[in-house]
Amino acid sequence: MKHSWWQEAVVYQIYPRSFMDSNNDGIGDLPGIICRLDYLKELGIDVIWMSPIYQSPNDDNGYDISNYQAIMEEFGTMEDFEHLLEAAHARGIRIVMDLVVNHTSDEHAWFVESRRGGECNPYGDYYIWRDPKEDGSAPNNWGSCFGGSAWEYDEGRKQYYLHLFSKKQPDLNWENPRVRDAVFNMMTWWCEKGIDGFRMDVISMISKTEEMPDGKIQGFYGDFGPYCIHGPKVHDYLQEMNERVLSRYDLMTVGETPGVTPEEACRYAGNHAHELNMVFQFEHVDVPGKYGKWNDEKMPLTVLKKILSRWQTELYGRAWNSLFWDNHDQPRAVSRFGNDKPQYRTKSAKMLATCLHMLQGTPYIYQGEELGMTNYPFESPADFRDIESIHAYKEWCESGKVPHEAFWPCITAVSRDNARTPMQWDDTKNAGFTLGKPWIFVNPNYREINAKAQLVDPDSVFHYYQKLISLRKQHPVIVYGGYQLLLPESEEIFAYIRELEGEMLLVVCSFVEQEMEFTVPEEFAGAQCLITNCGLQQDFNTAGAVRLGAYEAFVLHKKL
Ligand code: GLC
Ligand code: CA
């Protein structure tokens, strides 16, 4: 396989609303990002993926776009964007845009027109419209991802439109060649501006089956999954997109593909697929529980390892992995997979970083993860800002279906707002994010956890990430090596070997508080320790059995 820059890159995700506020209106913005580029340069990342910055009424924080070729006023202007792109490029950092084309906002001009209907309306068929059932009810029982029916009745057209997300996010009709033309033209416009790629929002959902029967009841509504995920024409559409846009530029593309299996991933992003460079899979972060996705249970380590190992081996030589613990839709990694108690937070954040960054694929860091930022201590439903959490609380709790006491630990464990609290820059008011009133609460632990403190501490989580990133640049085995899991039955230790042309890595990570013992395999006798979260000195003894402290991690390197 030909090596590409995006295989060797480390990506940093910015959620602009929560990153840095430059004008003190409480909302992060583009000039704010510009003034923090040197911070990212110091971290050593190569690519920024920016969550949507387009014009939007913000029903879903920018994932509901009303104009793809304008910048959200709160975030700045197109000129600011151009400055950002230029300033990033000047530092050798590329910019990948979020592309949300499964749906638009209901305030997008296309939808405003579409809803007027009429025989000759060129936009009439831009969205997915269906007649009501005879009794006037929705065409089928599908539920939307944010609660309620996936159908909304429009008084004007006397029809229902499909929205797999909120009713302010109507799904585009990709069957319509004019929709595809419009999307591809818009993408080309951004490519001509000089952007470096796209992260494609729920791209696995753009093709729907022609028949739309009721789905199997899941929670309160029918499941649209079998009819809308990896639908009949999704690969045709992506091949067309690749041919008409992507293949004409030097881009990095990553598809958000809920429900993807390794087999399906090879169809989207196989070496010979002519669709995308890689996809995000979600098996390791999906732990369905009593209340759908709302769940405070931890995935057993054996299961987590099995999932990640399967992706490592099944894509090897066939497709490219994307590696992540968290993003703007997930709780904070250290709270979910590590231990965010003060005595273990730093150690377990470094352990998780080791575990992920030594895997094969392109690693993604979500803003604040490099500081070990934690989940937010929610006190009441009034703390929520996210449409998904707000609706879920209503649907499950306020409705009387589940008592608050039972539901509360589950929703707070995985609410998307955990990831969306402001970036913690320093120990001044509002963590240095804004002098105004932040749009969402700041995590009170910013006095201990912040970038300023970590930049001057050589032993900080920040510097640990910096080191992992630089190791990836020095050792091709980290990027391209094969993978082999050790101790698959252990519920405490995640250990694996990487190997490439006589170069070997041993990665050992303890996921538990208690002390453990680990036997370093024979072939690593005399190996060098590349990195460890046990202090700065690397006087690791590599002979036979070693003691592992709480959340300890180390990496041994050997060249034959
Ligand atoms: C994706 C985004 C999420 C958004 C949804 C609808 O899953 O990551 O934030 O709410 O799509 O656009
Ligand atoms: Ca602002």
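Sequence positions, counted from 1, serve as the residue numbers for this chain. Every value quoted in this text rests on a predicted model; they were computed, and no experiment measured them. For ligands, and for the atoms within them, numbers begin at 1 and follow the listed sequence.
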Just which atoms of ligand 1 are under 4.0 Å from any heavy atom in [X]?
X: His103; result: 6 (C), 12 (O)
X: Arg416; result: 3 (C), 4 (C), 9 (O), 10 (O)
X: His328; result: 2 (C), 3 (C), 8 (O), 9 (O)
X: Phe146; result: 10 (O)

Does the cation-pi check pass for [X] over [Y], that is, NZ or CZ under 6.0 Å from the six-membered ring centre and within 45° of its axis?
X: Arg157; Y: Trp129; value: yes
X: Arg17; Y: Trp439; value: yes
X: Lys429; Y: Tyr446; value: no
X: Lys193; Y: Trp189; value: yes

Just checking, is any N or O donor in the side chain of [X] or [Y] under 3.5 Å from an acceptor N or O on the other one?
X: Gln330; Y: Arg336; answer: yes
X: Glu210; Y: Tyr227; answer: no
X: Asp60; Y: Gln169; answer: yes
X: Ser51; Y: Gln13; answer: yes
X: Glu283; Y: Trp311; answer: yes

Could you find the nearest protein heavy atom to [atom] and give me its residue, atom name and distance?
atom: atom 9 (O) of ligand 1; result: Asp329 OD1, 2.7 Å
atom: atom 5 (C) of ligand 1; result: Phe165 CE2, 3.7 Å
atom: atom 7 (O) of ligand 1; result: Glu256 OE2, 2.8 Å
atom: atom 2 (C) of ligand 1; result: Asp201 OD1, 3.0 Å

Does Glu388 have a non-hydrogen atom less than 4.0 Å from ligand 1?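 The answer is no: ligand 1 sits nowhere under 4.0 Å from a heavy atom of Glu388.
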
What N, O or S atom of [X] is found closest to the Ca ion (ligand 2)?
X: Asp21; answer: OD1
X: Asp29; answer: OD2
X: Asp25; answer: OD1

Would you say Gly32 reaches the Ca ion (ligand 2) with an N/O/S atom under 3.0 Å? no

May I ask you to check whether Asn23 brings an N, O or S atom to under 3.0 Å from the Ca ion (ligand 2)?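 Yes.
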
With a heavy-atom distance limit of 4.0 Å, tell me whether Phe282 approaches ligand 1 through its side chain, its backbone, both, or neither.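 Within the 4.0 Å criterion, Phe282 makes no contact with ligand 1.
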
Contact partition for Arg199 relative to ligand 1, non-hydrogen atoms under 4.0 Å: side chain

Pair Arg244-Glu240, salt bridge (charged side-chain N to carboxylate O under 4.0 Å, His left out): steps then yes or no: CA-CA 6 Å; Arg244 292 177 58 185; Glu240 187 183 342; 2.8 Å; yes

Could you report the tightest heavy-atom contact between Ser18 and Phe433, atom names first, then the distance?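 Taking Ser18 first and Phe433 second, the nearest heavy atoms are C-CE1, 3.5 Å.
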
Heavy atoms only: which of Asp60, Asp59, Asn102 lies closest to atom 6 (C) of ligand 1?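 Heavy atom nearest to atom 6 (C) of ligand 1 belongs to Asp60.
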
